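Lettering follows sequence order; numbering is per chain, from 1. Owing to the predicted nature of the structure, the values given are computational and were not obtained by experimental measurement.
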Amino acid sequence: MFDALQLASIPAEDEALRPKVRALIAEHVLQRPITDRVRSWMGVDAAFSRALAEAGLLGLTVPAAYGGGGRGPFARYVVVEELLAAGAPVGLHWIADRQSALLILGFGTQAQKQLYLPRICRGEIFFCIGMSEPGAGSDLASVRSRAERTEQGWRLTGQKIWTTSAHLCDYMIALVRTSGAPGDRQQGLSQLIVDLRAPGVAIRGIEDATGHRDFNEVFFDGVELPADALLGTEGAGWAQVNAELAFERSGPERIWASAVLLDGWIAHLKRSGAGEARVERVGALTTQLAALRTLSIALTARLAAGERPLTEASLYKDLGTSFEQAIPVAIADDLGSHPDEPVAPELRAALVEALALAPTYSLRGGTREILRGIIARGLGLR
Amino acid sequence: MSELLASFERLLDTAGGDALMPALDVAGFLDALRELPLREIEPLLRALGRRAIDAPVAEAMAARAVPAPSRALLAVIATAEMAGIGERLLDMSIEHANTREQFGRPIGKFQAIQQQLAVMAEQVMMTRIAAQTSCAHGLEPPLAAAAVAKSAASSAAPTIAGIAHAVHGAIGITREFPLHRFTARLHALRMSHGSESYWNRLLGSARLQADAQNSLDFVRSI
Ligand SMILES: Cc1cc2nc3c(=O)[nH]c(=O)nc-3n(C[C@H](O)[C@H](O)[C@H](O)COP(=O)(O)OP(=O)(O)OC[C@H]3O[C@@H](n4cnc5c(N)ncnc54)[C@H](O)[C@@H]3O)c2cc1C
């Protein structure tokens, strides 16, 4: 089954983007404390998102006609790996750049594309993901939020939860029921573009274990939306949301979440000295990182060829997030095994932060168990 | 599948035991690495793995191509064989999961078995990409490239062998059933030409000595 996964390399014209990204990183990112940089995905910095846009680094895969870069997946690959490896604050534009823009491009009307895409590429509007609800986590088809047709468009009632950055975003692409009953499962679902400033939308932050408020509950109390809030085809929400999840799962970004911590620890070892056990541990993590990166490049080549390698993307996401989770665990053991060695307080704080964040890597975008179920189907077991 | 691979596999499947090495020699396969880049021979090495061939075919090929094959080259070649073994073990395990019935259904319908096979597939995929990447370096692979490949393959090996046995149950450890040949060969190759810890130490000290700006820079330089 792995014959389609061939060795690939990043095209030279995409490699050529690195200096541009690095210049922005040097200007905006490297001076930030490492405790901040380990939160890359959750990092919020509107000025940075806009600087990326001005440099032409947002919406790279969106056609030029809609204000994008008109380039292939490897252009975004290079930019994303540079940003994540440095721990840049990408949270604000992340969702729009990775999935909402592609969803609108794939399913939107001409008017919707013209309305949203150029502003996404300019870093002016930000999107969030409206999938999960209190009763619909892994079992996404059981969503209950409901939109009724009205004379002007739609009236939306219900609730979303765990919506990352909803309080900072302009729009949510929400999966809601537009006909039938929850028992109808995949039938009768649609995707709506919800203006989060519309009357009747209430957003309440949820504090996480580290005291941050990145995700939210979002309540819809009879929110009136125009007819063109509908994205794609009424009733085709399930197929569309799966296309969206495919964008979310197959990205190159599944290996870098703990890279800033890894590099902080390596800097510590260079100062404090490393015996054989430490050298071996550095090697174990670095060989894994290098092997996973070649895998992600091979996968991106498939995307660039216009394929949707669902099984391989799930295999990769599970491997990558396991690796991201292993890093803080390994570093905690290492630092703990040298109790008399001084450790910079910010490295220790970054470790605590990373240990708290790590469980989320294999939850968001579909849990580990759900991904393994997808893999099992790909293997012909279900 | 290439013509070369097809004729190689035909030969492997007909000439067994002591007859194998001479037959490969006569057919010119032992000189294959002298004539073709390692990248193109990599599928042949995996074909050896898929049959758990014990004879030192790959080593003989390397010895004909370079006077004194480096440990790095031998490690890379072993990685490719390990990828072949992994592919075959995965196929055997899926096949078994879909046919062996307990509690009135194929055991592959149980989520616990499915999740284990998913993990196994991940490790096989890692081994496979490690083999392809390192074989692209030819007959003089840089130490770091060999380290990444052999470490990845050797770390994956116990998981792959362990799950294969878990899924097969008792039949898997019988002499008659071929599974043990593959898992034994996989364990042997894991140790040959440096296990994961050997290569991890080597790459770890390279990483600690490098003045790469960050890990991304370092892995890009491999
Ligand atoms: C940091 C973070 C940010 C998030 N951001 C967003 C966002 O922006 N927008 C959004 O819509 N959602 C978001 N989510 C929600 C995320 O998608 C869900 O957490 C995820 O889908 C799992 O749902 P759940 O948390 O309800 O867990 P559950 O579905 O209740 O799962 C709990 C456990 O049960 C297991 N389980 C469930 N069903 C099965 C099954 N059939 N077989 C085997 N095991 C099963 C799961 O694998 C898991 O181990 C975010 C989550 C996190 C942690």
Rounded distance [0.5 Å steps], [atom1] in [X] versus [atom2] in [Y]:
| X | Y | atom1 | atom2 | value |
| --- | --- | --- | --- | --- |
| B/L203 | A/E280 | CG | CD | 12.0 Å |
| B/N214 | A/W256 | CG | CH2 | 7.5 Å |
| A/L7 | B/E42 | CG | CD | 9.0 Å |
| B/L208 | A/K270 | CG | NZ | 7.0 Å |
| A/L381 | B/K109 | CG | NZ | 7.0 Å |
| B/I94 | A/L379 | CD1 | CG | 4.5 Å |

Return yes when atom [atom1] of [X] has more than 12 non-hydrogen atoms of other residues, nucleotides or ligands closer than 6.0 Å, and no otherwise.
| X | atom1 | answer |
| --- | --- | --- |
| B/D211 | CG | no |
| B/E140 | CD | no |
| B/L36 | CG | yes |

Worksheet item: Does the distance from a Lys or Arg side-chain N to an Asp or Glu carboxylate O, for B/D217 and A/R22, drop under 4.0 Å?
Response: yes
Worksheet item: Thinking salt bridges, do A/D263 and B/R207 make one under a 4.0 Å N-O criterion?
Response: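 Judged by the 4.0 Å cut-off on N to carboxylate O distance, A/D263 and B/R207 do form a salt bridge.
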Heavy-atom cut-off 4.5 Å, strictly under: side chain, backbone, both or neither for [X] against chain A?
| X | value |
| --- | --- |
| B/Y198 | neither |
| B/L90 | side chain |
| B/S134 | neither |
| B/A210 | backbone |
| B/A130 | neither |
| B/Q213 | side chain |

Please rank [options] by heavy-atom pairs under 4.5 Å with chain B and give me the top one.
| options | result |
| --- | --- |
| A/T311, A/L371, A/V282 | A/V282 |
| A/V279, A/I375, A/V260 | A/V279 |
| A/E15, A/R278, A/E312 | A/E15 |

Heavy-atom proximity to chain B below 4.5 Å, by part of [X]:
| X | value |
| --- | --- |
| A/A291 | both |
| A/R293 | side chain |
| A/A284 | both |
| A/L262 | side chain |

Do you know which of [options] has the most heavy-atom pairs with chain A at a distance under 4.5 angstrom?
| options | value |
| --- | --- |
| B/Q209, B/E122, B/E196, B/E87 | B/E122 |
| B/S151, B/S197, B/S205 | B/S197 |
| B/V124, B/T133, B/L117 | B/T133 |
| B/N98, B/V148, B/L216 | B/L216 |

Discussion item. Quick check: do A/L319 and B/Q123 have side-chain heavy atoms less than 4.5 Å from each other?
Written reply: yes
Worksheet item: Looking at side-chain heavy atoms only, is the closest gap between B/Q114 and A/R372 below 4.5 Å?
Response: no
Worksheet entry | Chi angles and distances behind the side chain to side chain contact (heavy atoms under 4.5 Å, CB included) call for A/R18, B/R220 | CA-CA 12 Å; A/R18 281 188 209 279; B/R220 281 181 60 231; 3.2 Å; yes
Fill in: Under 3.5 Å side-chain donor-acceptor pair for B/Q115 and A/E369
no
Fill in: From CA spacing to verdict: side chain to side chain contact (heavy atoms under 4.5 Å, CB included), A/T287, B/W199
CA-CA 9 Å; A/T287 49; B/W199 290 108; 5.7 Å; no
Practice prompt. Apply side chain to side chain contact (heavy atoms under 4.5 Å, CB included) to A/L292 and B/M126, showing your working.
Written response: CA-CA 7 Å; A/L292 284 165; B/M126 275 290 264; 3.8 Å; yes
